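Just so we're clear, the structure is a prediction, and the values are computed from it rather than from any experiment. These numbers come from the heavy atoms of this one structure, side chains and all, not from hydrogens, waters or symmetry mates. Chain identifiers are assigned alphabetically (A, B, ...) following the order of the sequence lines, protein sequences preceding nucleic acid strands; residue numbering begins at 1 within each chain.
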Amino acid sequence: MVTRSILPLTVKKACVTRRGKRLIGPISTTVHRHGLTVVMGPNGAGKTTLLRMLHGMERLAEGHLAWQQPPEQARKRQAFVFQSPIMMRRSVLDNVAYPLMVHGTPRTEARAAAADWLERVGLKESAAKQATVLSGGERQKLAMARALIRKPEILFLDEPCASLDGRATREFEELVCDAFARGTRIVMSTHDLGQARRLAKDIWFINHGHLHEAGPAEAFFASPQTPEARAFINGDIVE
Amino acid sequence: MNDITQGLLEAFRLIISLDRDLIEISLLSLRVTLTAVAIASAIGLPLGCWLAVRRFRHRRLAIATMNALMGLPPVVVGLIVYVLLSRSGPFGVFGLLFTPTAMVIAQVIILTPLIASIAHQAIRELWAEYHDLLISMNTSRRQRITALIWDGRRALLTASLAGFGRGIGEVGAIMIVGGNIDHVTRVLTTAISLETGKGNFALALALGFVLIALAIIVNLIIHSLSKTETSGRW
Ligand SMILES: Nc1ncnc2c1ncn2[C@@H]1O[C@H](COP(=O)(O)OP(=O)(O)O)[C@@H](O)[C@H]1O
Ligand SMILES: [Mg+2]
């Protein structure tokens, strides 16, 4: 079966406001079929809001998003990993099987697929545990398996390593690289410069809700165009 | 102090000797309250869940009303049910006054808001937790509610148990609508009330201990049932 891609996604002058206050925008950009985009910016810059907006979880006050397929189609082929992953009060295995079951895969089949994914992310031993007892790093892995199990075309990751230690971060980054290598389009946010340097193919730099720079990672790190981005890269405090 | 020891001894004696009256009123207590809890749960649990996830006009008002109804004084509920069921009342033709059915009706009215309110609270918290995930996964409203009820089933069970606790110890309403008629509508709480009035403290205390024991046993049974289910699944 050939399914046509939902990408590229075109964003035109999109704004998100809350209680009359503009959180981000207007933002115009394109998310191409292939790539690994890292969204950078200080805390409160609007990274989370931007990712949620792209995923269709924020109502646009202005502008619009255009996928290559109708919205319902597009929605089915995206996945999102939240900054603090939501653990359903079920076993680890059932958490990962849930997205399949909810979309009609028979239970045994869904659980078998979930078991495969748990093995891939290194949580095989924990399959029978309650998800709520997992550590931070394990939760992120679970969230990753749960996000990837339906083979999304695009995966949004919101500061997935913000509360992880070095080793858990490295393991998680391996999963990200693996998904990218298999052709999943990735858009992830971070305020960790090192992580951005390790993973990014493209960088979006945002501050105060505006997209200040967007382009290849190498160029961004070599010669940032805006003073804010330069300060951010130098490790200065950006306000 | 002496009364309490005597009460314990008397309770022990009544239980050992399988006292007919004791068994009869204990069983009626259980029957009335368990029936009321079952009906109140069938109404209250879905209602609580529904109020937690559904947005509609006057939702706040509905929730405030539910919480206010939770504080209804049982005596007043009993009185109202009495008036409704009495000969001259609108439902008088059914002849339900002073029957166990009347007691069940009164208890359902007392327990439903309580069960609905606890269920609402629990499901609302779970919904706040799950919201983004379930929205992101593109679930239908029905699937969301199913997930919340399934994952919140312990909390819902607790809501029903709280209802049972309130119902089994309730005396005001069932005294009025049941009439505490020997061999017909006498239950543990109304019997305790009667024996206390007659000055039979030992017997009253004995019945009190039986009541407490029943409440604990029912809780333990239900909890252990839910535990076996858990360990079987995971
Ligand atoms: N629910 C909300 N209501 C009002 N303001 C919000 C809300 N969520 C976020 N904001 C504001 O929006 C801005 C961007 O937030 P966010 O997207 O979370 O930034 P980041 O993820 O880059 O730290 C911040 O100024 C934040 O205070
Ligand atoms: Mg954020």
Any side-chain donor paired with an acceptor under 3.5 Å for B:Asn180 and B:Arg186? yes
For B:Gln143 and B:Thr146, does a side-chain donor sit closer than 3.5 Å to a side-chain acceptor?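 Short answer, no.
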Just by modelled atom types, is the B:Ser29 backbone N or O under 3.5 Å from a matching donor or acceptor in the B:Thr33 side chain? yes
Report, in residue-number order, which members of residues 112-135 of chain B are under 4.5 Å from chain A by heavy-atom distance.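 Against chain A, the residues of residues 112-135 of chain B that fall inside the cut-off (heavy atoms, under 4.5 Å) are B:Leu126, B:Glu129, B:Tyr130, B:Asp132, B:Leu133, B:Leu134, B:Ile135.
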Salt-bridged, [X] to [Y], with N to O below 4.0 Å?
| X | Y | value |
| --- | --- | --- |
| A:Glu153 | A:Arg185 | no |
| A:Arg77 | A:Glu72 | no |
| B:Asp151 | A:Arg90 | yes |

Below 4.5 Å from any heavy atom of chain B, which atoms of A:Met57 appear? Answer side chain, backbone, both or neither.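 Interface part for A:Met57: side chain.
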Contacting region of A:Phe156 [heavy-atom separation from chain B under 4.5 Å]: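 For A:Phe156, neither part sits under 4.5 Å from chain B.
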Do other residues, nucleotides or ligands put more than 12 heavy atoms under 6.0 Å from the CZ atom of A:Phe82? yes
Chain A contact via B:Thr139 - side chain, backbone, both or neither, heavy atoms under 4.5 Å: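 Contact with chain A: side chain only.
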